[in-house]
Amino acid sequence: MMQRHDFELIASWIPERSRVLDLGCGDGVLLAGLAATHGVHGYGIEIDDANLLASVKNGVNVIQSDIEEGLAAFGEGAFDFVILSQTLQAMRNAERVLNEMLRVGREGIVTFPNFGYWRHRLDILGGHMPVSKTLPHAWWNTPNIHLCTVKDFEDLCRKVGAEILDERVIHEGKSIRVLPNLRGSLGIFRFRRP
Amino acid sequence: MAPKPDTRKPVGFFIAMNDAAPRSVGAVSPQRAGFLEPLILKAGKTLASYELVYETYGTLNAERSNAVLVCHALSGSHHVAGWYADDPRKLGWWDNLIGPGKPIDTDRFFVIGVNNIGGCHGSTGPGSIDRATGQPYGASFPLVTVEDWVVSQARLMDRLGIERLAAAIGGSLGGMQAMQWTLSFPERIGHALMVAAAARLSTQNIAFNDVARQAIVSDPDFHGGNFYAHKAIPARGLKLARMLGHITYLSEDLLMEKFGRVLKRDEYGFNYEVEFEIESYLRYQGDKFAQVFDANTYLLMTKALDYFDPAKEAGGDLAKALSPAKAGFFVASFKSDWRFPPERSREIVKALVATGKDVAYAEIDAPHGHDAFLLDNPHYHQLVAAYMDNVAHEVGAGERREPLALATGELEEMRGYAGRREGGG
């Protein structure tokens, strides 16, 4: 049911009956899947009308709201997990979003396209902004305004005082252990406020 | 085999009016239920007996699991969908939402619309005859609250053999009733859909309501609420109340777009006659309303709005107040609605999330203001349809027989302004 590679890993980290908040939940398939397989009780935040409708169709709790305006609707520590799946790179203020995740959740999970992936580096060397499976847009119409590498994200975690619990870099579903920041196209981090 | 003629399709006069419209529930007739069991009201008074007028559409299934209650707002009624055989122009106020193939699909749901106590469309209200005196109740009609309405609606459900509602839906004051259902009868309702509603009125809203009430009670024809005996109608007060309300139900942008500063004549007249189109429109709407609506009902409905505040008894803590609810919630607001703005809906959502309730919340981009809840908007209607499709699966009401039919187009919208004016508030 869950097709995206990061979803499988996220699902493996989340214990049964957890309380989950999915920021930028899209069509809600991650939450719907977690509810079906893990008995998770979750909420999704989504700003886009079409995605909101898709989430309602998938029967998930979805709240139309702008993540960037904060998570004021949610109390401190209200969730076991707060997930930000391939959305960080489109945030205007990624640092604030990360801080909000640490406030409302016991643990945070972030996945993002790794700008350090070798094909991206090659595109830049060739004189062009990268276009790939994880970064499918052209520079002039991309929603991705804050792209980063795996190493960059590690730095941001340090800056906001997040303790990294797990860090994976994958490519097409396979975990990359050797030179991950070069060979992996998708970074997946699990962290908490120590 | 020859295809069966579709008897539900609009016929005759109506089809000539709008043959592109989605199918309707067709000609309907109101029904009446009398209740002899006294209703003890929140205000402390007792209504010894009362009648409720209601309409139903669709068929109650064998499990009695597919009932959907539609709660009306300030000036609405039990006539929610379809039309009357002797008055085909009188379309139900939510006919664009409810019917075969529509978002609330009467092929699968049994839908009930009921006129609330205190109303003026047939249920017992201030204009009804008080059996104790043989005269209209008038000023002696007790104030009725949202909680009281919900109890009376539950009794009607008992009468219809419905133990549990699949859902209750309402806009504005109607949304408040849907919410109250989940608190008064948590075991008897599966889902509450609250559109352009609030968990309590803002100060500004109460202020608007009071200006409307003052307009009515200061009309010499009001006679302290006993105008029936004087064969009078406080039409001037009621007209003003409606004009004020009407402005607040629409967005500034919409008024600007529809009327602008257009004049009835070419030049200023430098007098106090009707000059701007908006003046003419508001007065027309006010006059029309004053002819058909009861002034005491207007007072009562606005008071019911003002009093509604489930958090009050929980020390102002809405989350605590909502904690008894077991229903799933659908909450929707409209960005241009400044009478019941998105902030009010967000308060509800925040409280629901704080207590771990299931909720879907949409903030809909519609230009019309508060009245958007009555008007055609494909995105809004698709959301209601999607939510109600899941409710249908949950209660075993099955799949849509036909693809979703959405009411769209200018004609529908214009009809919203011309004929469907009675749901607002």
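Taking A/F189 as the reference, A/F112, A/F153 meet the ring-ring contact (aromatic ring centres under 6.0 Å, His included) condition, with sequence neighbours excluded. Qualifying side-chain hydrogen bond (donor to acceptor under 3.5 Å, both in side chains) partners for A/W13, counting only residues two or more places apart in sequence or in other chains: A/D166. For A/S175, the side-chain hydrogen bond (donor to acceptor under 3.5 Å, both in side chains) criterion is met by no residue, not counting sequence neighbours.
For the pair B/D358 and A/H41, the minimum side-chain heavy-atom distance is below 4.5 Å.
By the neighbour-count criterion of 12 heavy atoms within 6.0 Å, atom NE2 of B/H393 is densely surrounded, having more than that number from other residues, nucleotides or ligands. Other residues, nucleotides and ligands place no more than 12 heavy atoms under 6.0 Å from the CD atom of A/E76. Counting non-hydrogen atoms of other residues, nucleotides and ligands closer than 6.0 Å to CZ of B/R346 gives a total above 12. Counted within 6.0 Å of CD on B/E252, heavy atoms from surrounding residues, nucleotides or ligands total 12 or fewer; the atom is thus considered open.
In this structure, CG in A/L52 is found 10.0 Å from OH in B/Y361, a value given to the nearest 0.5 Å. Interatomic distance, CD of B/E363 versus CG of A/D49, reported as 10.0 Å (0.5 Å rounding). Taken from OG in B/S333 to CD in A/Q64, the straight-line distance is 8.5 Å, to the nearest 0.5 Å.
Contact between B/A386 and A/K57 at its shortest, heavy atoms only, is CB-CG, 3.6 Å. Shown here for A/V56 and B/N390, the closest heavy-atom pair between the two residues is O-ND2, 2.9 Å. Taking all atoms of both residues into account, the shortest heavy-atom contact from A/F79 to B/V353 is CZ-CG1, 4.4 Å.
Interface remark: B/V359 contributes backbone and side-chain atoms alike to the contact with chain A (heavy atom separation under 4.5 Å). Residue contact with chain A, scored on non-hydrogen atoms closer than 4.5 Å, involves the backbone and the side chain of B/A362 alike.
Using a 4.5 Å heavy-atom cut-off against chain A, no residue of residues 312-328 of chain B qualifies as contacting.
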